[in-house]
Amino acid sequence: MTAAMKIRNLHGWNVTYEEAGKIQEDLREKLVLHDEGVPGDIRLVAGADISYAKGEDLFYAAVVLLKFPELEIVEQSSLSERVTFPYIPGLLSFREGPVLLKAFEKLKMVPDVAIFDGQGIAHPRGFGLASHMGLFLAIPTIGCAKTRLAGAPRNEAGNRPGDYAHLILNDDVVGAVVRTKKNVKPVFVSQGHKIGLERSIEIILASCRGYRLPEPTRKAHLAVNRIREASDG
DNA sequence: GCGACAG
DNA sequence: ATCTTGTCGC
């Protein structure tokens, strides 16, 4: 996870909102949207999440690595850092990306695929958080968001776990609304980088254990909140 | 101008 | 995302 550091330094995160949008448009062309480098037999999946107190700029980030398909935690890393970039729909990666990348850099093992709490290409400029992280980490990534940012489901997803409906944006399939649990709102899955949609959906479903959100995301969420409260905040 | 808007 | 109490449903 060290190659990412060079790329990030070349990139630079101190940009205007307009420049950020332009960066996304440029980088989206570098995305690989098919299963490339994704082992046929995945053994390690990563989940990452951020937590912070309202009105505060101190962010806590945590990444957990789970053995797959057992989904047992085998490694995790975390850190806290000041963040000033505001939350702007469509530019989330510029706010949460830097600290998330640092958490990944502290890992000893490299995951076969990483799941992020946000969109992959189901984004206004086709370059959401998961895509951004995938390009910088140079590993397969999947976006698994709790709500919609862009696109519209072609139809309503069934109510059975595993049912899904394609997400359409500008006549393109950019993801899927996936039911991970019966009678519970579906999640928005989209490929981030180096992976295709069908494989992304398969991995998300195989990562669920009775809850709406996949285990990597849940575990990272629990971990980061546990760390934040233990840090007096 | 109006509505939408990941976390 | 965070804050926050109770409440409805399987």
Side-chain angles (χ1 to χ4, degrees), chain A residues 13 17-18 20-21 23-24 27-28 31 47-63 78 80-103 114-135 141-153 159-161 167-170 174-193 197 200 204 208-214 216-218 220-229 231-233:
Chain A
W13 295 91
Y17 308 147
E18 186 176 84
I23 288 172
Q24 295 181 321
L27 295 181
R28 74 181 291 188
L31 293 178
D49 197 26
I50 295 290
S51 180
Y52 57 91
K54 183 180 184 181
E56 297 295 313
D57 61 359
L58 184 60
F59 279 39
Y60 287 83
V63 176
S78 62
S80 60
E81 183 177 87
R82 299 281 171 190
V83 172
T84 57
F85 200 96
Y87 169 68
I88 298 174
L91 298 182
L92 179 64
S93 60
F94 287 85
R95 179 174 170 75
E96 300 192 346
V99 59
L100 284 177
L101 289 179
K102 287 188 178 180
I115 298 171
F116 290 88
D117 195 346
Q119 316 292 345
I121 63 170
H123 174 281
R125 287 172 291 284
F127 200 72
L129 176 67
S131 294
H132 210 146
M133 298 299 96
L135 214 49
T141 58
I142 301 170
C144 182
K146 298 181 291 299
T147 60
R148 187 197 77 92
L149 172 62
N159 189 36
R160 310 295 300 177
L167 246 191
I168 309 300
L169 178 60
N170 298 321
V174 298
V177 177
V178 182
R179 190 79 63 182
T180 55
K181 181 176 180 175
K182 186 182 179 183
N183 296 328
V184 170
K185 293 195 305 181
V187 294
F188 293 72
V189 177
S190 57
Q191 57 270 65
H193 178 49
L197 177 58
S200 296
I204 290 299
C208 289
R209 287 291 183 281
Y211 293 90
R212 181 195 180 206
L213 301 180
T217 300
R218 284 190 64 246
H221 189 71
L222 292 173
V224 78
N225 282 318
R226 177 158 48 65
I227 292 168
R228 176 160 71 104
E229 56 183 60
S231 301
D232 184 45

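In what follows, chains are A, B, ... by sequence order, proteins preceding strands, each numbered from 1. What you see is a predicted model; the values in this text were computed from it and never measured. Side chains are part of it too, since the values below use all heavy atoms of this structure and drop only hydrogens, waters and symmetry mates.
Counting to the nearest Å, the C1' atom of B:dG7 and the CG atom of A:D117 are 7 Å from each other. Atom-to-atom, NZ of A:K54 to P of B:dG7 comes out at 17 Å; the value is rounded to the nearest Å. In this structure, A:I50 places its CD1 atom 11 Å from P of C:dA1, rounding to the nearest Å. In this entry the distance linking OH of A:Y211 with C1' of C:dC10 reads 15 Å, nearest Å. Per the geometry, CZ belonging to A:R228 stands 7 Å off C1' belonging to C:dT2, to the nearest Å. One atom, CG of A:L149, and another, P of B:dG3, lie 19 Å apart when rounded to the nearest Å. For A:L100 and B:dA6, the CG to C1' distance is 13 Å, given to the nearest whole Å. The NZ atom of A:K146 sits 7 Å away from the C1' atom of B:dG7 (whole-angstrom rounding).
Side-chain atoms of A:L169 and A:H123, non-hydrogen and from C-beta on, never get closer than 4.5 Å to each other. Side-chain contact between A:H132 and A:F116 is absent, with no heavy atoms from C-beta onward closer than 4.5 Å.
Taking 4.0 angstrom as the limit, A:T147 places none of its side-chain polar atoms (N or O) nearer than this to OP1 or OP2 of B:dC5. The shortest distance between the side-chain N/O atoms of A:R148 and the OP1/OP2 oxygens of B:dA4 is not below 4.0 Å. Listed pair A:S51 / C:dT2 meets the phosphate criterion, a side-chain N or O lying under 4.0 Å from OP1 or OP2.
Counting any heavy atom pair closer than 4.0 Å across all strands shown, A:K182 reaches no nucleic acid atom. Across all strands, A:G90 comes closer than 4.0 Å to base atoms (heavy-atom distances). Across all strands shown, A:L91 has heavy atoms under 4.0 Å from base atoms, whether or not it also approaches the sugar-phosphate.
Rounded to the nearest 0.5 Å, atoms CZ (A:F59) and CG (A:L100) are 9.5 Å apart.
Taking the nucleotide of DNA chain C with the nearest heavy atom to each of A:H221 and A:N183, the more 5' of the two is matched to A:H221.
In this structure, of B:dA6, B:dC5, B:dG7, it is B:dG7 that holds the atom nearest to the side chain of A:D49.
The closest side-chain donor-acceptor pair between A:S51 and A:N225 falls under 3.5 angstrom.
A stacking contact links A:Y87 to B:dG7: the aromatic ring centre lies within less than 5.5 Å of the base's six-membered ring centre, and the planes differ by less than 30°.
Proximity of a side-chain donor or acceptor of A:S200 to a complementary backbone N or O of A:S190 within less than 3.5 Å is not detected.
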